[in-house]
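A short write-up of the structure that comes next.
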Amino acid sequence: MLVAPGGGGPPAGSGARRDASGGAGAEVVVGAVGSRAFDGETPVRWVWDDTWRWYPRLLADGVRVERCLDLRLAHRVLRGSAAVAGGSALSSAAASALFDGPPVAPDEPVADSLFEVAPSAPQPSLDECESELAAQDDAVVGSAQPARLRLLLVAESAGALAAAEMRHAGMPWDRAVHDEVLTAQLGPRPAGDARPARMAELAAQVRSALDAPRLNPDSLPDVLRELRRNGLAVRSTSRWELQGLDHPAVEPLLAYKKLSRLHSANGWAWLDRWVPDGRFRPEYVVGGVVTGRWGSSGGGALQIPKQVRSAVRADEGWRLVVADAAQLEPRVLAGLARDERMAEAGRGRDLYAGIVDAGVVETRELAKVGMLGALYGGTTGASAAVLPRLARAFPSALGLVEAAARAGERGEVVSTLLGRSSPRPGAAWSELQSSALDVDAGSAAESRARAQTRAWGRFTRNFVVQGTAAEWALCWIADLRRRLWAMGASAAPGSAAAPFAGRPHLVYFLHDELVVHTPAAMADAVAEAVRAAAAVAGRLLFGEFPVDFPLTVASVESYAEAKG
DNA sequence: GCAATAAGCGCG
DNA sequence: AAAGCGCGCTTATTGC
């Protein structure tokens, strides 16, 4: 039981306590379960071990938390950061036991499970939270870049709040529209485990074309064998290897694979499991990716195929504001490297078009392929061919990713702008490296070691950009979340769950793209807020360095209408 | 029998 | 003509 905002003090037994030493502003340390601002006015930053443990229940009670510090997320960032000196209290066994590791299960019953929820990780006491907070504070203050790290920690924590809120509110999903999409492509929903009609037809065509009446098109080895038996020199059954081959089995096989994917990943079973009530509630895993991007768990929230996005529909009287940061990663690179020419190429326009206008390459497609090659470490084809021209035009930017790659190849750690560091290569890495140095190491061992070295270099090359882009996106969503709440409620119909009734709120986030569900009357203001938040994110990361982060923003009824 | 792995494809 | 980064999920297969 919790006290709603505007109510009295902390609930009995909550264990909430005012923190006297927490730096600027009042802070509340929450060891078990928390409460609201004590004076009702000072913005309070809740400090708790794990947002995902506590926040779902607060939201279920209609309570929104404005700001927090997630000790578990912060712990992980600080422990891994090259900017933080080792040997602090953060690395004590006690701190590790309590604050290391993945987020724990929410403190709420799981409705659809017959079984007990797995026992949660040990719950830190109030005192343990306080001493962890103090240790983190010391680590930040004593670090090479306290301001940036502090920004990273609060942005990551705000992301955790947003993630829990998005799951709570859910993405509005029209089951009937989804069913129409499936029926149009697959045929009517089959009973039981039967193949949908359209897939069965295609399977029959494949069997007949390959003269293999008993072939199971879902068995990759069998399909490969039959393709070869029919004279097709393929190494795998992947689409890019098959398409364009001149054989009557190819077209139905590719069509089958496409439908099979739709059916198994986002078919009726998915719909029943993940959208029982007209809302899709994915579990986001904040910081779930090494680079700081979010991951997801269950439901494939980050892989919703374009095919079914028409089922994402605003409630009656509401709109979806869909925003997408254009060419985010190259722009982030321009900012990171303070590459003025590259920033200039993207100012007020499509960055790739700007690269063409600057006379660096001939076409937008080349500019894009070349930039992606620079970010990912491409070494072949058109991408590699234009790399020298990009390097000449943008020496700072290309130099930065090149340096990150070289550092990784040496086995060193690289870091994002705000101080998230890459993992060190594992023990197997160094073993393979040193084994290649043995006097009697064969050339095979040497080339394996070389391939591994380059692969790690590609990882660190991309890490600095992808990770800093993730930081930009966290700042974007954090600032937007604040703005949306400040806009207040309108008298819109619809069924947004408390505390978001009548209010614009985030419902989806995908690396460089987000969706807000808003009362229709507020859609324009939301679009404005989304842009303003992007500008703030740019300033938070890059200060006055003049790099733009333009967005495409659309106010639509259906997610499928946005973008192209 | 079950768990781990591989292939393939969806997203950025 | 997909080459290079990061993921999650499903199915079939392989390993114990």
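The sequence lines fix the lettering, A, B, ..., with proteins before strands; numbering per chain opens at 1.
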- Message: Within the 3.5 Å criterion, strictly below it, is a donor on A/Asp50 or A/Tyr55 matched to an acceptor on the partner's side chain?
- Response: no
- Looking at A/Lys306, does any N or O in its side chain come under 4.0 Å of the phosphate oxygens OP1/OP2 on B/dG10? no
- Message: Please report the distance, rounded to the nearest Å, between CG in A/Leu333 and C1' in C/dC5.
- Response: 14 Å
- Task: Would you classify A/Gly300 as touching base, sugar-phosphate or nothing, given that sugar-phosphate means primed atoms plus P, OP1 and OP2, and contacts are heavy atoms under 4.0 Å?
- Result: sugar-phosphate
- Query: Is the A/Trp270-A/His178 ring centre distance short of 6.0 angstrom?
  - Reply: yes
- Query: Hey, does A/Gly288 reach any base, or is it just sugar-phosphate, or nothing, if we go heavy atoms under 4.0 Å?
  - Reply: nothing
- Message: Within the 4.0 Å heavy-atom criterion, would you say A/Arg454 contacts the bases, only the backbone, or no part of the nucleic acid?
- Response: nothing
- Message: Quick check against the 3.5 Å criterion: does A/Ser558 have a side-chain atom that pairs as donor or acceptor with the backbone of A/Arg313?
- Response: no
- Task: Using whole Å, report how far CG of A/Leu510 lies from C1' of C/dC7.
- Result: 11 Å
- Between B/dG12 atom C1' and A/Leu474 atom CG, what is the distance in whole Å? 15 Å
- Task: Just call it for A/Val290: base, sugar-phosphate, or nothing, with non-hydrogen atoms closer than 4.0 Å on any strand.
- Result: sugar-phosphate
- For C/dC5, does OP1 or OP2 lie under 4.0 Å from any side-chain N or O of A/Arg458? yes
- Query: Between which residue ranges does DNA chain C form stems of three or more consecutive Watson-Crick or G-U wobble pairs, both distances under 3.5 Å?
  - Reply: B:1-12 with C:5-16
- Message: Using whole Å, what does the distance between atom P of nucleotide C/dA2 and atom CG of A/Leu366 come to?
- Response: 12 Å
- Task: Flag the pair A/Tyr559 / A/Trp173 as yes when their ring centroid distance falls below 6.0 Å, and as no otherwise.
- Result: no
- Nearest whole angstrom, please: distance from the P of C/dG4 to the CE of A/Met371. 18 Å
- Nearest-neighbour nucleotide for the A/Gln303 side chain, C/dG4, C/dC7, C/dG8 considered: C/dG8
- side chain to side chain contact (heavy atoms under 4.5 Å, CB included) partner of A/His517, the single match among A/Val526, A/Leu320, A/Leu506: A/Leu320
- Under a 4.0 Å heavy-atom cutoff, the residues of residues 227-242 of chain A touching DNA chain B are A/Ser236, A/Thr237, A/Ser238, A/Arg239
Would you tabulate the pairs of protein nitrogen or oxygen atoms and nucleotide nitrogen or oxygen atoms of nucleotides 13-16 of chain C closer than 3.5 angstrom?
unit_1	atom_1	unit_2	atom_2	d
C/dT13	OP1	A/Ser219	OG	2.5

- Are A/Lys258 and B/dG10 close enough that a side-chain N or O sits under 4.0 Å from OP1 or OP2? yes
- Figure out the CZ/C1' separation between A/Phe509 and B/dC11, and round it to whole Å. 14 Å
